[in-house]
Asks: 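Following this message is one structure expressed as structure tokens.
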Amino acid sequence: MTIDPRVFPDGFVFGSATASYQIEGAAREDGRGPSIWDTFSHTPGNVWHGDTGDVACDHYHRMDEDLDLMAHLGLQAYRFSLAWPRIIPGGTGAVNQAGLDYYSRLIDGLLQRGIDPVATLYHWDLPQPLEDRGGWASRATAEAFAGYAEVVDAAFGDRIGTWTTLNEPWCSAYLGYGQGVHAPGRREPAAALAAVHHLNLAHGLGTQALRATSTGDPRYSVTLNFHVARPGGDGGEEAMRRIDALANRAFTGPMLRGEYPADLLEDTVAVTDWSFVRDGDLAEIRQPIDVLGVNYYSTVTVRLWDGEGEMTRNDGHAPAAEGTAWPGAAQEVEFLPQPGPSTAMGWNIAPDGLTDLLVSLSEQFPDQPLMVTENGAAFDDVVGPDGTIDDSERTDYLRRHFLAARDALDRGVDLRGYFVWSLLDNFEWSFGYSKRFGIVRVNFDTLHRTLKASAHWYRRLIASRSVTVADEGWR
Ligand code: GBH
């Protein structure tokens, strides 16, 4: 039974997303240099089960098969990332032609199939030589990023639909340099805030470099992961403000308004004096972008710690070393367990958080078009006796979030598209291969791909451009 089909407007783009280190494998082939994720994953104790991205989905060698899968699904756009260490193995200096050739084939394969390439320059695989010189805590990394942007734009700018500078700089800065659960595994709160600034600067310098040299007519963007916080008791509103400053406005402030929020600077005064922000930096960072990418998975519930007993830190990551999770005043924020259903990551399922986020962003930045560049869920998929994978929980998750996006459109949000994370099961960072986000299953022994029920569902959604409300009893 189908009730109330909800049609998406013409021009709304349906896509799916991946990232280089999570799917490519071929980590030592064709001149690719080491990245911080190679170093981190090969260091015992960092990743579940000692998993690495050495082989991953072997997408590097299976590109054509994966392109055919995308065409079969009817994807209108594919969001992928370029591995900086394949293209400039040293981070700066010599360009590796084999790396450029590889992405050139990928882009041509997409265009031949009518799929729009949405390319992210940086999805966390920093060339190790740059980390050896200080990584994102150092200004030189932002400058190196601008050089890398020039190289990729000269090679691909005529064929790219949308350029995205960074994926989730929040994760790079705080998980990589503060909490240490992502590469490079540093636990230095001051370095995390320096990384925030140098990532912002990289976005600004990178966007300018892409624009200066473009031969085609690409759109420019950045993708942020926003924290959608709900109040969870005493001091809930103040806790929300602190998280919003550090997680969200630390990026949207400089990128979209050309300033760091005053409350962010106050909240972190015990950690850093922000002297790494030089005169003129904020003008470099603030660049008009055609679309703001939004990654959304879940909400958090917060309150201020009352100082009694152990702090609760149910913020969706591996446990942090005491005191290093969030720098400054946000250290006193407790993340409470969430009521209701959750995914295999332990993240609660809250589609209303997506609507609220999109509405809030369009209120804060009225003329800024938005795009959901990631949304999806990990579940413990079961392969049936006949080889089929009935991942109805994932389909339900996606359906409810598509409806939430549709609600945002009804409320006047200028939302241009939606990308399911992820096309393939893949290397889920510190969780290794233990968490499966794909709508396509990957058997990590045989590397065989199988469409899950959610992939068949998504194919029908794209073909009909509509999502139905009540046919499965949700909502
Ligand atoms: C993304 O990161 C990555 O871009 C992608 O590579 C990764 O595979 C994928 O998601 C799945 O993990 O979101 O409010 O519940 C996700 C980063 C940020 C998600 C913090 C969980 C916890 C707070 N994460 N978040 S909330």
Side-chain angles (χ1 to χ4, degrees), residues 13 15 17-21 24 30-33 35 63 77-112 115-127 130 136 139-169 172 198-224 255 283-293 369 371 373 416:
V13 171
T18 64
S20 49
Y21 190 72
E24 285 178 2
D30 295 341
R32 178 185 179 279
S35 78
M63 179 203 289
Y78 173 57
R79 175 176 179 263
F80 60 100
S81 77
L82 308 173
W84 187 349
R86 270 194 207 289
I87 294 171
I88 309 179
T92 56
V95 174
N96 176 34
Q97 187 60 42
L100 290 178
D101 291 347
Y102 167 69
Y103 292 110
S104 190
R105 280 204 293 121
L106 175 63
I107 293 162
D108 286 344
L110 290 167
L111 294 174
Q112 279 155 16
I115 303 170
D116 192 39
V118 176
T120 301
L121 272 67
Y122 184 71
H123 199 128
W124 308 353
D125 40 4
L126 187 73
L130 291 178
W136 287 111
R139 186 178 184 92
T141 299
E143 288 158 1
F145 182 82
Y148 163 53
E150 264 178 46
V151 168
V152 297
D153 192 64
F156 313 128
D158 57 334
R159 288 170 286 164
I160 291 293
T162 301
W163 278 127
T164 304
T165 50
L166 308 173
N167 176 71
E168 300 191 349
S172 300
H198 297 134
L199 284 153
N200 282 326
L201 187 61
H203 162 74
L205 298 177
T207 302
Q208 292 178 65
L210 291 170
R211 237 190 251 284
T213 52
S214 268
T215 48
D217 188 23
R219 290 171 290 273
Y220 300 93
S221 70
V222 64
T223 280
L224 303 176
M255 288 180 181
E284 301 280 10
I285 294 169
R286 182 189 193 173
Q287 295 300 322
I289 50 175
D290 299 297
V291 64
L292 173 62
M371 180 107 103
T373 39
R416 302 291 175 93

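Note that this is a predicted model, so its numbers are computed, not measured. Quick note: numbers below take in every heavy atom, side chains included, and nothing from hydrogens, waters or symmetry partners.
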Asks: Ignoring hydrogens, what is the shortest heavy-atom contact between Thr141 and Leu130? Give both atom names and the distance.
Replies: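 That closest heavy-atom pairing would be OG1-O, 4.2 Å.
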
Asks: Under a 4.5 Å cut-off applied to non-hydrogen side-chain atoms, are Asp290 and Pro369 in contact?
Replies: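 Asp290 vs Pro369: side chains apart.
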
Asks: Going from CZ on Arg86 to OH on Tyr103, what distance comes out if it is rounded to the nearest 0.5 angstrom?
Replies: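 Separation between the atoms: 5.0 Å.
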
Asks: For the residue pair Tyr102 and Glu24, what are the closest heavy atoms and their distance?
Replies: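 Where Tyr102 meets Glu24 most closely, the heavy atoms are CE2-OE2, 3.7 Å.
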
Asks: Search all heavy atoms of Val118 against all heavy atoms of Ala77 and return the closest pair with its distance.
Replies: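 Distance-wise, the nearest heavy atoms are CG2-CB, 4.2 Å.
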
Asks: At their closest point, which heavy atom of Asn96 faces which heavy atom of Asp30, and how far apart are they?
Replies: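 Of all heavy-atom pairs spanning Asn96 and Asp30, the closest is ND2-O, 2.8 Å.
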
Asks: I need the Asn167 CG to Tyr122 OH distance, nearest 0.5 Å.
Replies: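 Here the interatomic distance stands at 10.0 Å.
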
Asks: Going from CZ on Phe80 to OG1 on Thr164, what distance comes out if it is rounded to the nearest 0.5 angstrom?
Replies: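 Reported value, rounded in 0.5 Å steps: 9.5 Å.
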
Asks: Please enumerate all residues that pass salt bridge (charged side-chain N to carboxylate O under 4.0 Å, His left out) together with Asp101, with sequence neighbours excluded.
Replies: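 For Asp101 there are no salt bridge (charged side-chain N to carboxylate O under 4.0 Å, His left out) partners, ignoring immediate neighbours.
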
Asks: In terms of side-chain geometry, is the basic nitrogen of Asp125 or Arg32 positioned less than 4.0 Å from the acidic oxygen of its partner?
Replies: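 Answer for the salt bridge query: no.
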
Asks: When rounded to the nearest 0.5 angstrom, what is the spacing between CD1 in Ile115 and CD1 in Ile107?
Replies: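 So the gap between those two atoms works out to 13.0 Å.
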
Asks: Starting at CG of Leu166, measure out to OG of Ser81 and round the result to the nearest 0.5 Å.
Replies: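 Between Leu166 CG and Ser81 OG, I get 11.5 Å after rounding to 0.5 Å.
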
Asks: Going through the checks in order, is the side-chain contact (heavy atoms from CB on, under 4.5 Å) test met by Met255 and Leu292?
Replies: CA-CA 10 Å; Met255 288 180 181; Leu292 173 62; over 6 Å; no

Asks: For residues 149-158, which side-chain donor-acceptor pairs fall under 3.5 Å, sequence neighbours excluded?
Replies:
residue	atom	partner	partner atom	Å
Asp153	OD1	Trp163	NE1	2.8
Asp153	OD1	Ser214	OG	3.1
Asp153	OD2	Thr213	OG1	2.8
Asp153	OD2	Ser214	N	2.8
Asp153	OD2	Ser214	OG	3.2

Asks: Check the orientation of Tyr148 and Phe145. Use parallel for under 30°, tilted for 30 to 60°, and perpendicular for over 60°.
Replies: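 Perpendicular, since the angle between the ring planes exceeds 60°.
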
Asks: Between Pro218 and Ile160, what is the shortest heavy-atom contact and its length?
Replies: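 Where Pro218 meets Ile160 most closely, the heavy atoms are CB-O, 3.4 Å.
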
Asks: Which residues pass the side chain to side chain contact (heavy atoms under 4.5 Å, CB included) test with Thr207, sequence neighbours left out?
Replies: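 Side chain to side chain contact (heavy atoms under 4.5 Å, CB included) list for Thr207, sorted by chain: Thr165, His203, Arg211, Tyr220, Gln287.
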
Asks: Just verifying a value: how many Å separate Met371 CE and Arg219 CZ, rounded to the nearest 0.5 Å?
Replies: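 Reported value, rounded in 0.5 Å steps: 6.5 Å.
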
Asks: Side chains of Leu82 and Ile87, heavy atoms from C-beta outward: is any pair under 4.5 Å?
Replies: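 Yes, their side chains come closer than 4.5 Å.
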
Asks: Over all heavy atoms of both residues, which pair between Pro169 and Leu199 is shortest? Give the atoms and the distance, please.
Replies: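 Here Pro169 and Leu199 meet closest at O-CD1, 3.7 Å.
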
Asks: What verdict does the side-chain contact (heavy atoms from CB on, under 4.5 Å) test give for Val13 and Arg416, after you've listed the backbone C-alpha separation in whole Å, the side-chain angles of each residue and the deciding distance to 0.1 Å?
Replies: CA-CA 6 Å; Val13 171; Arg416 302 291 175 93; over 6 Å; no

Asks: So, are Asp108 and Arg159 salt-bridged, with charged N and O less than 4.0 Å apart?
Replies: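 Here Asp108 pairs with Arg159 in a salt bridge, since their nearest N and O are under 4.0 Å apart.
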
